[in-house]
Amino acid sequence: MSGKVLVTGHDGYIGAVLTPTLVRSRYDVVGLDTGYFSKCLLGTEPAKVPTISKDLREVEASDLKGFDAIVHLGALSNDPVGNLNKGWTEDINFHASVRLAKAAKQAGVRRFIFSSSCIMYGLSEAQFVDETAPLNPQTDYARSKVQTEQALQELADDTFSPVYVRNGTVYGLSPRQRLDTVLNAFVAEALTTGHVTMHSDGEPWRPVVHVDDLARTFGLYLSAPLETIHNQAFNNGADHLNYKIRAIGEAAVKAVPGAKLTIEARPGADQRTYRASFAKFAKTFPDFKFEWTPESGAVQLADAFRKVGLDKVAVASGKFIRLSWLRHLIDDGRLDENLKWRGVNG
Ligand SMILES: NC(=O)c1ccc[n+]([C@@H]2O[C@H](COP(=O)([O-])OP(=O)(O)OC[C@H]3O[C@@H](n4cnc5c(N)ncnc54)[C@H](O)[C@@H]3O)[C@@H](O)[C@H]2O)c1
């Protein structure tokens, strides 16, 4: 498929990599974002695309006329954001997503690619969780993904084809870097302090995926025949990218000469574990190759962090931690209690 694609949340961590990837693939890309993290740049700003500067909670069908597809990334993307205010996660991640989907359907946009999460499986005793595994969301964020998938399923019909792209934890370099996800945080810690401290025993498993590989997978869902993806969930990744937290920490310290890994194995530490099965993805997209691993991603991050001079002050500024930055915007009076801008964005 080629055509006109709306990427919501295009000014976020994944969006800032996905948008140029789609432009290179000759899609006509428009972004939609309210710009919470527009000031949170690491390195150079990505090339600009035409943008609808709007809150997802205010999107109308008229905004969406003429698009062939929507890739919906826009969300509060961090588990603990729900702790700051439970209502925001439900309003933005769930209600605004349903509003967007209904408006898309009304505007005749058939292909709707929802950036969901494997986190919705929660704790699992199963060896590998596939798309049929029971959902067991443990947080407001995870619940918002479950609720949205369920609501989108009800909208699916001959005129509207949602697809649920369940991602593992994303790592790697983006112009709108995040340091609140596992490998990214470990590399920043290794580089700025000389050590990585793990509270758990490092044994829990997590599926992880590099942001560049992830960006290329969205191209698959944009071009796949609709009948192969219509109203379907996909664990989006590869079996060999299920990693133990300990191995992710080891990749981080290996990329920073002299850095040490300390495994505290504290009682009561987060020991949640699960491995995702990516068999359905591999069967549906047999030619797709994941090019990155946490080991190569750690080297990429360490090189880039050195180049821009990332230091303890930049890490402590909270600019690259979603929750801290939103709190900063509220404390500064720039966002109101509903997470809406007071006056001009930013
Ligand atoms: N990063 C991960 O590890 C990961 C893993 C699984 C799923 N996901 C999902 O992928 C998507 C993108 O994640 P990310 O890491 O790029 O997050 P991010 O926080 O970096 O980006 C999200 C973007 O959405 C925008 N946004 C938030 N609320 C909005 C609103 N009300 N109106 C308009 N724009 C709004 C923000 O300004 C931001 O630019 C999210 O849906 C997230 O849940 C991310």
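We count ligands from 1, going down the list as the structure has it; atoms in each ligand are counted the same way.
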Enquirer: Out of N167, D33, V165, who gets a non-hydrogen atom closest to atom 36 (C) of ligand 1?
Expert: D33
Enquirer: What residues join F94 in its hydrophobic cluster, counting side-chain heavy atom gaps under 4.5 Å, either direct or through other members?
Expert: V98
Enquirer: So, using salt bridge (Lys or Arg N to Asp or Glu O under 4.0 Å) as the criterion, who are the partners of K48 when residues are at least two apart?
Expert: E45
Enquirer: Nearest heavy atom to atom 22 (C) of ligand 1 wins, so pick from C118, A75, S77.
Expert: A75
Enquirer: Distance to 0.1 Å, residue and atom name: give those for the protein heavy atom nearest to atom 34 (N) of ligand 1.
Expert: T34 N, 3.2 Å
Enquirer: Run down the list L73, L18, V59 and name the one with the heavy atom closest to atom 40 (C) of ligand 1.
Expert: L73
Enquirer: Given the side-chain rings of F290 and F288, with only the six-membered ring counted for Trp, is the space between their centroids under 6.0 Å?
Expert: yes
Enquirer: Please state which protein non-hydrogen atom is closest to atom 15 (O) of ligand 1 and give its distance, to 0.1 Å?
Expert: R178 NH1, 2.7 Å
Enquirer: Output the list of atoms in ligand 1 that are nearer than 4.0 Å to some heavy atom of G35, sorted by atom number.
Expert: 37 (O)
Enquirer: Is there a polar contact between ligand 1 and G15, counting only N or O atoms under 3.5 Å apart?
Expert: no
Enquirer: Among V170, I92, N236, D91, which residue places a heavy atom closest to atom 2 (C) of ligand 1?
Expert: V170
Enquirer: Identify, for atom 9 (C) of ligand 1, the protein heavy atom at the shortest distance, and state residue, atom and that distance.
Expert: S115 OG, 3.4 Å
Enquirer: Is it possible for you to check whether R111 lies under 6.0 Å from the centre of the six-membered ring of Y221, through NZ or CZ, and within 45° of that ring's axis?
Expert: no
Enquirer: Side chains of T89 and D140: do they bring a donor and an acceptor to under 3.5 Å?
Expert: no
Enquirer: Got a donor-acceptor contact below 3.5 angstrom from the R178 side chain to the S77 backbone?
Expert: yes
Enquirer: Of the protein's non-hydrogen atoms, which lies at the shortest distance from atom 5 (C) of ligand 1, and what is that distance?
Expert: G168 O, 3.2 Å
Enquirer: When rounded to the nearest 0.5 angstrom, what distance separates NZ in K145 from OH in Y164?
Expert: 13.5 Å
